[in-house]
Amino acid sequence: MNFIKKIIFCVFTFLLIFTSFAFASNNSNTNNKETIKVFNTDLYLGGQNVIVSDAVNGNVFAFGSSVTIKGEILGDIFILAKSLTIDETATIHGNIFAFSNDMILKGKVNYDIYFLGQDFELTDTAYANRDIRAFVANAKLYGSIKKDAFLFVDSILMKDNAENIIGGNLHYTSDKEFTFPEKAIMGNIKYTQYQEHTRTASEIAIKYIKQFISDISLTIVIILLIVFLAPKFIDKVNYALMKRPFISSGIGILSIVLIPVLALFLLFTGIFRGLAFATFVVYGSILVMCLAIFSLAIAKSFADKWNITSKGKFILFALLSAIVLWLAQRIPYLSTYVSLFIYVVGLGVFLTTFIKVKQKS
């Protein structure tokens, strides 16, 4: 499942970075000769190089190769980019939620900062009025943090004569301890050494046993519900898998990417948010059912071949099929491909059942 999420995330990021789009309501102050000065709405921007120079009376959602904030933002900002710059002229009255390779903060932030990336720099002109929470490799702190800093880092840099950089406490986790200028941190310093935990064979075994019980229990529930409440659905998924494998696989490949992208597009428009959330819920539910759907289709093939009419034996075949597929997902070097195959084909088979065709006798 993690691989599927990564595929969806990568495709979505690619589309956002290499295509330009922007959404905003028409509730803004405009002039025929000047650009928009104030957006009285949430602002959604995407493109190669995104620059927000105007005032925004709402939240900002920005995606791109590089994002630069120069204006005044009264709400929060949510950033997904390769590089993020908060210019000296910028004032962020809300929070910053950012995921990028590097972030340079030169302006003022009145609330908290949450950042995940490679490099974080707080320049000498920057001012953070509350907490900073960063998970980075390198942190350069030259500006002012009013309250606490929570850092998970490889290195922290400050000027030798730095004063009052952090007004509160510094909590940091790293594989080594650092020394800081005497007057740089006004509160306490709490260091936690990062330690990698190597799992023992028994811990790994327990993990797989718990996961097996959880996954198979859910699969059994889905199989039983379909067998007793929707028996005709089993014939349809079997037909889709055995008689239309290429069509089902093609639909699965397209759907596994296009459905979440479509849902995200609807979400960002701000008009069809309810439909977008419903799409995410249905999409996730189908993915959870893929193992059971695949198992039912395989069990139906065996039942037809061996003339098995007993529901108990059919359920047993479906359960054995699910166990074999689950174990195949744990094969080293093949687990990712097997999981992707199950999700793609399972999704495709499910959707193909809604395409009406005349079956030949």
> Counting only heavy atoms not in Tyr191, do more than 12 fall under 6.0 Å of its OH?
Replying inline: yes
> Side-chain contact, heavy-atom cut-off 4.5 Å: Lys82 with Asp102?
Replying inline: no
>> Applying a strict under-4.5 Å side-chain criterion to I, L, V, M, F, W and Y, I'd like to know whether Phe178 and Leu122 cluster together.
In response: yes
>> Nearest 0.5 Å, please: how far is CG in Leu45 from CD1 in Ile51?
In response: 11.0 Å
>> Are the side chains of Thr200 and Ile204 in contact, using a 4.5 Å heavy-atom criterion?
In response: no
> Do the non-hydrogen side-chain atoms of Ile113 and Asn95 ever get within less than 4.5 Å of each other?
Replying inline: no
>> Within the structure provided, determine whether Met103 and Ile96 are in side-chain contact (heavy-atom separation under 4.5 Å).
In response: yes
> For Asn59, does its backbone N or O pair with a side-chain atom of Asp76 as donor and acceptor, under 3.5 Å?
Replying inline: no
> Under 3.5 Å, side chain of Thr91 to main-chain N/O of Lys108, donor-acceptor pair present?
Replying inline: no
>> Taking the basic N atoms (NZ, or NE/NH1/NH2) and the acidic carboxylate oxygens, is any pair closer than 4.0 Å for Arg133 and Asp112?
In response: no
>> In this structure, would Leu224 and Ile216 fall into the same cluster of hydrophobic residues linked by side-chain contacts under 4.5 Å?
In response: yes
> When you measure from the side chain of Asp87 to the backbone N and O of Lys70, does any donor-acceptor pair fall under 3.5 Å?
Replying inline: no
> Should Ile165 and Tyr142 be regarded as members of a common hydrophobic cluster, given that ILVMFWY residues are connected when their side-chain heavy atoms come within less than 4.5 Å of each other, either directly or indirectly?
Replying inline: no
> Any side-chain heavy atom of Asn138 sitting closer than 4.5 Å to one from Val153?
Replying inline: no
> Do Ser339 and Gln329 meet the criterion of a side-chain donor-acceptor pair at a distance under 3.5 Å?
Replying inline: yes
> Looking at Phe97 versus Phe61, is the centre-to-centre ring distance below 6.0 Å?
Replying inline: no
> Where the side chain of Ser66 meets the backbone of Ser83, is there a donor-acceptor pair that is under 3.5 Å apart?
Replying inline: no
> Going only through I, L, V, M, F, W and Y residues with side-chain contacts under 4.5 Å, is there a path from Tyr283 to Ile293?
Replying inline: yes
>> Any non-hydrogen side-chain atom of Asp131 less than 4.5 Å from a side-chain atom of Phe150?
In response: yes
> If two hydrophobic side chains count as joined below 4.5 Å and joins carry through other members, does Val221 share a cluster with Phe314?
Replying inline: no
> With side chains defined as the heavy atoms from C-beta onward, is the minimum distance between Leu141 and Phe120 less than 4.5 Å?
Replying inline: yes
> Any chance the rings of Phe354 and Phe350 have centres within less than 6.0 Å?
Replying inline: yes
> Do any N or O atoms from the side chain of Ser214 and from the backbone of Lys210 form a donor-acceptor pair under 3.5 angstrom?
Replying inline: no
> Any chance the rings of Phe152 and Tyr172 have centres within less than 6.0 Å?
Replying inline: no
>> Check Arg330 with Asp215, please: is the shortest side-chain N to carboxylate O separation under 4.0 Å?
In response: yes
> Would a 4.5 Å heavy-atom cut-off, applied to side chains only, mark Leu84 and Ile104 as touching?
Replying inline: no
